[in-house]
Structures are given as structure tokens and as C-alpha cells.
Amino acid sequence: MMKLTVEEAEQVYDEPITTKAPRQLNGADVFIETLKKHQVEVIFGYPGGAVLPIYDALYKNPIKHILARHEQGAIHAAEGYARVSGKVGVVIATSGPGATNLVTGIADAMMDSIPLVVFTGQVATTVIGTDAFQEADIIGITQPITKHNYQVKDVADFPRIINEAFHIASTGRPGPVVVDIPKNMATSLFVTPEENSQEVNLPGYQPTTKPNFLQIQKAAQAISTAKQPLILAGAGVLFAKATDELAVFAEKYQIPITNTLLGLGGIEGNHPLFLGMAGMHGTYTANMAIQTCDLLINVGARFDDRLTGNLNYFAPNAKVVHIDIDPAEIGKNVPTEIPIVADAKEALEALLVQGSPNGNTAAWLESLNISKEQYPFHYQASEERGLLPQQVLELVHEYTNGDAVVTTDVGQHQMWTAQYYKFTQPHNWVTSGGLGTMGFGFPAAIGAQLAKPNAKVVSIVGDAGFQMTLQELSLLQELRIPVKVIILNNQALGMVRQWQETFHGERFSQSLIPVQPDFVKLAEAYDIKGYKIETFEDAKVLLKEALESDEPVLIDCRVVQKESVYPMVAPGKGLHEMIGVKPE
């Protein structure tokens with residue numbers, strides 16, 4: 001029998017004949033290929049022994065990697081990227097200390113519903129449990145602070161696990177998912193299947209997005225008869241991309257709106273129906289509206305303690321409608337008469353169809369507008385006192401037209417920014433809300449700038465929090481990104497100092513920081529332009545120059561140390577018991 005060569009056989013059958021065996025990849029190759037299928041454009045990370053095979057595979061592929069100078073910087077940058085872009089932030093770190101350095105960021109993302117997929121290296125499966133070098137039980141550590149976590153135990157599971165991780169992180173109530181990768185799973189051979197489907201089959205995880213029709217009807221009926229209704233809009237509005245629907249809903253039914261801290265940007269800051277932020281350092285008008293409304297419509301907020309104050313006094317006259325995609329939040333803190341488990345956009349669209357305009361709110365709106373005029377935020381400025389942080393924030397707002405992406409840490413500077421910066425666009429406010437993480441703001445600004453390369457990104461930070469992650473200054477010149485870092489420098493742990501002054505007899509135990517680096521010289525050491533501002537007159541000139549620059553800059557604003565954030569709801573008090581509402 002005559003044998004044909006491959007070339008002769010191809011001529012006979014008029015098609016090519018494959019003689020090569022299926023291409024073999026290892027787990028690291030599959031990892032990268034699966035990320036590419038999910039259109040991951042940027043990874044924030046830090047290499048180490050347990051993830052070297054993955055970094056070797058990354059070397060041969062086009063996905064952009066941002067080498068943070070500390071793992072905490074990497075994960076906060078990923079949070080900023082996710083918050084601004086709406087995409088899943090991707091983080092990778094090695095085992096042991098690399099993984100544990102991510103824990104604060106994972107907890108932060110869980111509290112604030114930020115979608116992250118966090119990949120951690122792990123020692124080989126053959127030595128797990130033996131206290132091997134750089135071994136840490138990251139699954140056990142992160143189980144309480146993730147939506148879900150995985151440990152890869154079979155290289156064949158790589159695609160499925162990664163696909164599920166992205167799905168879980170980005171659907172329902174967003175949040176972080178950890179995937180722990182033992183080193184030998186990254187090096188084990190993997191035969192590429194004919195199809196690597198991204199379809200996910202998780203029968204036990206089926207978030208409800210469509211609202212119940214009967215509950216929508218109940219809510220519409222309540223709205224039609226309410227005389228003093230109020231909308232409380234949280235970050236769920238932003239995650240659902242429902243800002244347009246929220247504005248139309250409020251305008252149709254003529255209902256005033258207040259935001260939670262994380263919900264800022266859900267409604268335009270100068271909208272006539274907007275009362276400002278509610279809660280501990282919110283506006284007097286917003287808090288009094290909560291206390292006197294007869295219908296409170298919560299859209300995508302979780303009724304946290306900094307918003308509600310003492311729950312015994314919260315919204316005493318209100319029937320509560322709570323729209324939330326996470327059923328665990330409804331009724332958790334505040335009794336709810338009309339629960340609606342749904343995506344905020346879907347629920348608002350349904351309410352717009354079912355309801356009819358409410359003609360009962362004119363007197364309510366008039367009284368709230370009078371209150372806004374009578375009780376604005378206030379401060380007492382003078383040349384003798386020195387530069388005030390509120391003055392800095394008002395100038396930043398003026399020079400950026402309310403259109404910048406703004407990030408903060410936690411503390412006084414965060415509250416002043418929330419009070420005095422009025423956002424004109426959604427998804428431009430990036431702050432650490434639930435966990436209150438110092439060191440968050442600056443690396444988050446780096447991630448935000450990568451998400452929006454053409455945006456003006458301003459990071460408002462305190463002098464103490466900035467020193468926790470300032471090593472990320474290296475990235476500004478390396479990546480050529482023009483983040484503007486504004487330090488409200490009061491040489492103190494500002495909010496700690498304020499509470500010690502107000503509630504602890506002015507016993508300033510370990511809250512003052514008399515010795516600091518020269519921040520301008522520090523900036524120059526990183527080849528970044530630095531400014532030092534000590535007076536309001538200088539601020540008017542130098543802030544404008546710095547914010548109009550196309551380069552990264554650091555501005556050290558030396559503000560009055562003893563300035564406090566007012567108004568304020570003291571711990572244990574109700575929203576109606578605010579202090580510092582009027583100038584003394």
C-alpha cells in the first residue's frame with residue numbers, strides 16, 4: 001500500500017492535516033490567557049517567589065502591570081481604578097507577607113462594595129500546612145472580608161475559578177474575591193481544551209435584579225400620598241449606573257434628595273432638589289429632613305451608623321421604602337415597611353412607569369429651601385487665624401469647576417471635601433467610607449488616573465495618612481500621570497485631635513505630630529514639583545498654578561491645627577441633636 005506524505009495528502013483531500021500534538025501550557029499561561037478573555041487591561045501588583053511563574057508568563061504578554069511600592073498601595077490603586085472605571089480591579093501579590101499586606105484593602109473593598117479579583121501566591125500544595133517559608137492561610141484570613149474566595153487545587157480548574165471570580169465580584173452587590181494560587185498550580189502543565197467558555201454556572205448565586213411588581217405598586221402608592229417624602233441615595237445608585245434615572249425620578253415626583261458619603265455624585269451637587277450629604281457631618285437641612293419626613297425612600301444605601309446616628313431617634317415619622325440589591329441590608333438596621341430587592345436602576349425605572357406625579361410636596365420643598373439658606377456650612381476666617389482647610393477646598397472646587405476626580409483618606413480632610421466639593425459628574429468621588437482607611441486616598445488617585453487618563457485627578461489627604469503610602473510617589477513620574485496631591489497639613493491626626501478636644505477634655509494623647517518631613521523636598525526627591533502654601537493669598541495663586549499644570553504636583557497646605565469639622569452629630573445622639581450648626 002502506497003503511503004502519502006503529508007503534503008501529498010493535503011493535495012488529495014484539499015485541506016491541511018494537523019500532525020502536531022495540542023499545545024501544552026502551564027497554569028500561569030492559562031491564568032494570563034483567561035485574564036485576556038476578560039479584557040483585563042491593567043494589573044496592580046508586587047512580585048515574589050510564589051508568583052514568579054505568573055510574572056514570567058506576564059512578561060510575554062501585553063497586559064499592563066503597575067508595580068506598586070507596597071502591596072497596600074497596589075490594592076488601593078485597584079480600588080480607585082474600579083470605582084472610577086466601573087470595571088473589576090485586578091491585584092496580584094505573593095504568598096505570606098505579600099498576601100497579608102492586602103488584607104486592609106480587601107476589607108475596605110468589602111465594606112464599600114468595590115469589585116476586585118485579588119490573586120495571591122501560595123506555597124506548593126505539597127507543603128501547605130507545614131509552616132513553609134512565606135506560608136499564610138490567606139483563605140482563612142480573608143473569608144470574613146470577601147464575597148467569596150478560592151484556592152486552586154487542580155490546574156484544570158483555573159479557567160472556571162477565574163471566570164467565577166470575575167462574575168461574583170462584578171454582579172449583585174459588588175465586592176472582592178480572593179483566588180489563592182499554590183506555586184505548583186502555576187507550573188503544572190495544562191492541555192488547552194477546544195473551548196474555554198466564560199459561561200458561569202452557579203445555581204447557589206443568583207442575585208435578584210428585577211423588582212417585585214407588587215412591592216413597586218406599594219411604593220408608588222406611598223409616594224402618591226406622601227406630603228414630606230425624601231430620597232436617601234447611596235452608592236448603589238452609582239454602581240447601578242442609575243444617576244439619570246434618579247434625577248428623573250426625583251424631578252417627576254418633586255422629591256428632595258440627600259446622599260450618603262459614598263453616594264455623593266449620584267445627583268449633581270447644585271441640583272435644586274439636592275439637600276447635601278446626610279449623617280454625622282452632613283448638612284443640617286438634610287438631617288432635619290430625615291427626622292421630619294413622612295416617607296423615606298432609601299435607594300442603594302445601607303443605613304450605617306455614621307449616617308443614622310442613634311437609631312432610637314432615626315426618622316421617627318417615616319414609612320421606609322428600602323431598595324437594595326443585597327437583601328441582607330434590608331431591615332438590618334432600620335425597620336422597613338416596603339422592601340424592594342432589586343438593582344437600583346431597574347427599581348427606579350419601574351417606579352417611573354407605575355407612579356404618577358405627586359402634587360403634595362410644594363410646601364415641603366419650600367421649607368427645605370428656606371432651611372438651606374438659613375443653615376449653610378460655615379467657618380470663621382481671618383488673617384490672624386491663618387489658612388483654613390475649608391478655604392482650600394472652596395478654591396479647589398472653583399479651579400476645577402466641580403469636574404475633577406477627587407480621592408481622600410479618612411478624617412477631617414475627607415469630611416471637609418464632602419462638604420465643600422460639589423460634584424458635577426458621577427463616579428468622580430473615591431473615598432474610604434465603611435472601613436475608614438488611612439493611606440487610601442493617594443494610591444486610589446493613581447488607579448483613578450489610569451482609569452480616566454484625561455481627567456483632572458486631585459487627591460486630598462491628611463499629613464498623617466499620606467505618610468502611610470507616600471512611597472507610591474515613585475509611580476507619578478514613572479507612569480507620567482499628573483495626579484495633584486493636596487495635603488491639608490495640620491500637623492495632627494486631625495479627627496482624633498477633634499474628638500479629644502470635644503469629648504476627652506482636650507487631652508491630646510498621641511494625636512499631635514510636631515516633627516514631619518519637608519514635603520516639598522520629599523516631592524523633589526521623587527522629581528515632582530512641590531508647593532508650600534501658608535496663607536489664603538498664596539493659596540489663591542499657587543493652587544491655581546498647580547491645578548492647571550500638566551505634571552504631577554504635591555501641595556503642602558499648612559492649615560490651622562485647631563479647626564474642627566462642623567456641624568456634627570456626637571456619638572450616641574440623634575440627627576436632630578447636631579452641634580456647631582451656627583457660628584458661635
Thr407 versus Ser459, side-chain donor and acceptor atoms under 3.5 Å:
yes
Aromatic rings Phe31 and Phe119: how do their planes relate, parallel, tilted or perpendicular, breaks at 30° and 60°?
perpendicular
For Gln414 and Thr431, does a side-chain donor sit closer than 3.5 Å to a side-chain acceptor?
yes
Counting C-beta onward and ignoring hydrogens, is there a side-chain heavy-atom pair between Val42 and Ile63 closer than 4.5 Å?
no
Taking atom types as modelled and ignoring hydrogens, do the side chains of Asn428 and Lys452 form a donor-acceptor contact shorter than 3.5 angstrom?
yes
Checking side-chain polar atoms at under 3.5 Å, does Asp463 have a donor or acceptor matched by the opposite partner on Gln491?
no
Hey, are Asn489 and Gln516 close enough side-chain-wise for a donor-acceptor pair under 3.5 Å?
yes
Glu394 pairs by side chain to side chain donor-acceptor pair (under 3.5 Å) with which of Trp416, Tyr421, Tyr379, Tyr399?
Tyr379
Is the ring pair His38/Phe166 parallel, tilted or perpendicular, if the boundaries are 30 and 60 degrees?
parallel
Do Gln498 and Gln412 pair up side chain to side chain, a donor and an acceptor below 3.5 Å, judged on atom types alone?
yes
If we count only N and O atoms by modelled type, under 3.5 Å, do the side chains of Ser564 and Arg497 hold a donor and an acceptor together?
yes
Determine whether Glu41 and Lys87 make a side-chain contact, defined as any pair of heavy atoms from C-beta on separated by less than 4.5 Å.
yes
Under 3.5 Å, is there a donor on one side chain and an acceptor on the other for Glu563 and Gln390?
yes
Within the structure provided, determine whether Met277 and Thr260 are in side-chain contact (heavy-atom separation under 4.5 Å).
no
Any luck finding a side-chain donor-acceptor pair between Gln72 and Asn101 under 3.5 Å?
no
